[in-house]
Amino acid sequence: MQLLSEQELQRRKYREELMKVGINPYPSELFEVNVTAKEILQNYEKRKLDYKNISIAGRLMSTRIMGSASFGELQDSTGRIQFYVRRDDICPDENKDLYNTVFKKLLDIGDIIGLTGFVFTTQTGEISIHVTGFKLLSKSLKPLPIVKTTEDADGNVTTYDAFSDPEQRYRQRYVDLVVNPEVRNTFLQRTKMISTMRDYLSNKGYLEVETPILQPVYGGASARPFKTHHNTLDMPLYLRIANELYLKRLIVGGFDGVFEFAKDFRNEGMSRFHNPEFTLMELYVAYKDYYWMMDLFEEMLETVSIALHGRAEVQVGEHLINFQRPWKRFTMAESIKHYTGKDIDGKNEQELRSLAAELGVHVDDTMGKGKLIDEIFGAHVEPKLIQPTFIIDYPVEMSPLAKKHRSKEGLVERFEVICNGKEICNAFSELNDPIDQRQRFEEQLELGRRGDPESMVLDEDFLRSLEYGMPPTAGIGIGIDRLAMIMTNAPSIQDVLFFPQMRPEKKAANDAEAFKTLGIAEHWIPLLAKMGVNTVEQLKGSNPNKLFNDLCGMRKKMKLEVANPTIDEVKSWIA
RNA sequence: GAUUCCGUAGCUCAGCUGGUAGAGCAUAACACUUUUAAUGUUAGGGUCCUGGGUUCGAAUCCCAGCGGGAUCACCA
């Protein structure tokens, strides 16, 4: 049993009253909808005759009652539209209850209703629905945050009482979506982004596939996994951190191109760029190399930008990001030279370490050559790359799944694209020499033995598949959430995930069951909680007279329709 | 994990140097047939996050905890 606010109690009462007058607040039968708000607002002026007999459903978002006529706003999945109700239209007979009682009293903001009527334009020029009939489709028992907006002559929108607490918005995304229209738009954009990518790849003939999320050996990336257990097989399983190794098995199996929009899971820190579950799109194409993949990625993102915004440019915060091809391409060494003036080419580990120190980059003794370069890059280059930029040719130590560079010693054929200061993809010419791959895994195992919790583990079955022969292949992984952040101008990953991971909601410890065994009736328990008595210990420690008084006072205040407890009853709880 | 800010009515927020709470919207009542953040009059609504401390007295000061935001670190 929960404690209800005055408004919630009121709405529960209205629900009862509706039933008493023969209106089912939750009817079963369908409600025929033949138009949306957006459709009316867009087309009414041009095709007035088509809107003489409409039927629309949605959520009641506001009412302005003026005696025997009222205005209100209905919100459906496409937007809001004003409606106009006149008492004598919906109550042509002597009995005006439908208007006076049901419409004016028993309907609340947030209720889902169906309207029938015709479209007209008010004296103030707003396209509205003149209601000839309405039907309650679902009674809302919780008050919705009321957000109001005004628009001045210049079209500047002012919002009042915004529902803006991030915690509430993420925990109760359903409310956020009802009340904040731009949130809905962000998610529509995200879906459109994904479908554009899917169409782009499908049209090239690549196969969208599904691979295991529960994996006996996790691989394909450097990250800590979530571990679980299968009862029947009595074996540990891991939620995938990547699907790379499975997609490559499919290339071995003879598919020319495979891709998957994959939910991956990494048991690591959370921030505005990290959520424990996130979406990575991986694509592998046989007989291609990383240069080819750069061209594909450029073209795909340009396509996405145009699909979403009608042009190759996207405003992200203070930056206007331009996805128009071609993008700049730097080797990692060039990019570091460009931003620091220092040349890392041919430097050994010791020289790199002192260079890092000179540049004020934090390093420690466990870092090898590759890691040192990566740290310098991360500190001095990455944040400065706002426009999409290819960074190519990474140190081999950091890239155990990438093919060694065809001409540069110590490097691999790998690129990342940095955009708005963050990596948005990672791609290689895939390593397909099984002997080399085994050695690289073994180096990773060595790192693991030295205590790196993110080193890769050796996947024997994957190596076996490579031994059968994998064609030369280009592969790419694209962080869908981070890309969505850029494409929708969202400052946090939580803004592009419907339900970002949150700490569990705090619940006051409550010995409700123990209270019942003491003979306390169920309806007192929430009142006790409200008075701060949550545990048997607290109960036993309180003064029975005060408890009795408080309980009776609280009963009256909450308008609970039950008899007061007797003082002896209360004493018996404490005894 | 570190630093910092925040937690007051259903929502958005005020509340000064400590004197037991305020506004607007929402809710309830009345009026009002084209309003639009409708309006006018009236009313109800708060363990001021939790627990300790200082004090005659704490929403306010101090400490601890819980929850959240931001930045940084970790994390490709």
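Letters A, B, ... are given to chains in the order of the sequence lines, protein chains preceding strands, and every chain is numbered from 1. Everything numeric in this text was worked out from a predicted model, so none of it was measured.
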For this session: Kindly point out which of B:U35, B:A26, B:G24 is positioned nearest to the side chain of A:Asp161?
Result: B:G24
Exercise. Do the rings of A:Phe415 and A:Phe297 sit parallel, tilted or perpendicular, given the 30° and 60° boundaries?
Worked result: tilted
Exercise. Given B:U34, B:G10, B:A28, which nucleotide is nearest the side-chain atoms of A:Gln7?
Worked result: B:G10
For this session: Report yes if at least one side-chain N or O of A:Arg272 is closer than 4.0 Å to OP1 or OP2 of B:U71; otherwise report no.
Result: yes
For this session: Output yes when at least one side-chain N/O atom of A:Arg64 is less than 4.0 Å from OP1 or OP2 of B:U35, else no.
Result: no
For this session: Identify the nucleotide, in any strand shown, that forms a Watson-Crick or G-U wobble pair with B:U4, with both distances under 3.5 Å; if there is none, say none.
Result: B:G69
Problem set entry | Out of B:G69, B:A26, B:C11, whichever nucleotide has its closest atom nearest the side chain of A:Ile146 | B:A26
Exercise. Rounding to a whole Å, what distance do you find between A:Lys104:NZ and B:U27:P?
Worked result: 14 Å
For this session: Just call it for A:Gln10: base, sugar-phosphate, or nothing, with non-hydrogen atoms closer than 4.0 Å on any strand.
Result: sugar-phosphate
Exercise. What interatomic distance, in whole Å, is found between P of B:U50 and the corresponding atom of B:G10?
Worked result: 14 Å
Exercise. Can a side chain N or O of A:Thr122 be found less than 4.0 Å away from OP1 or OP2 on B:U34?
Worked result: no
Exercise. With both distances under 3.5 angstrom, what nucleotide forms a Watson-Crick or G-U wobble pair with B:U27?
Worked result: B:A43
Seminar exercise, completed: Ranking B:A29, B:U34, B:A26 by distance to the side chain of A:Lys148, first place goes to B:A26
Exercise. Of all the nucleotides listed (B:G45, B:A28, B:C32), which has the minimum atom distance to the side chain of A:Asp108?
Worked result: B:A28
Exercise. Out of B:A76, B:U27, B:U35, which nucleotide sits closest to the side chain of A:Glu423?
Worked result: B:A76
Problem set entry | B:U20 - base-pair partner by Watson-Crick or wobble geometry, distances under 3.5 Å | none
For this session: Would you mind telling me which of B:A76, B:C25, B:U34 lies closest to the side-chain atoms of A:Phe120?
Result: B:U34
Exercise. Of all the nucleotides listed (B:U27, B:G69, B:G10), which has the minimum atom distance to the side chain of A:Ile109?
Worked result: B:U27
For this session: Between B:G68, B:G44, B:A28, spot the one nearest the side chain of A:Glu167, thanks.
Result: B:G68
Exercise. Taking atom P in both B:U20 and B:C25, what distance in whole Å separates the two?
Worked result: 26 Å
Exercise. Within the pair A:Tyr14 and B:A28, is there a side-chain N or O less than 4.0 Å away from OP1 or OP2?
Worked result: yes
Exercise. Expressed as a whole number of Å, how far does the C1' atom of B:C13 sit from that of B:C48?
Worked result: 13 Å
Exercise. Judged by modelled atom types alone, do A:Asp176 and A:Tyr170 share a side-chain donor-acceptor pair under 3.5 Å?
Worked result: no
Exercise. For A:Arg266 and B:A76, is the shortest distance between a side-chain N/O and OP1 or OP2 below 4.0 Å?
Worked result: no
Exercise. Do the rings of A:Tyr84 and A:Phe71 sit parallel, tilted or perpendicular, given the 30° and 60° boundaries?
Worked result: tilted
Exercise. Taking the side chain from A:Lys384 and the backbone from A:His380, do they hold a donor-acceptor pair closer than 3.5 Å?
Worked result: yes
Exercise. Within the distance-only criterion (no hydrogens, no angle test), does the side chain of A:Glu268 pair as donor or acceptor with the backbone N or O of A:Arg224 below 3.5 angstrom?
Worked result: yes
For this session: Side chain of A:Ser222 only, please: which of B:U35, B:A76, B:U33 is the nearest?
Result: B:A76
Exercise. For B:C32, which nucleotide in any strand shown is its Watson-Crick or wobble partner with both distances under 3.5 Å?
Worked result: none
For this session: Apply the test side-chain hydrogen bond (donor to acceptor under 3.5 Å, both in side chains) to residues A:Arg80 and A:Gln75: give CA-CA distance (whole Å), side-chain angles for both, the deciding distance (0.1 Å), then the verdict.
Result: CA-CA 4 Å; A:Arg80 286 190 190 188; A:Gln75 173 172 297; 2.9 Å; yes
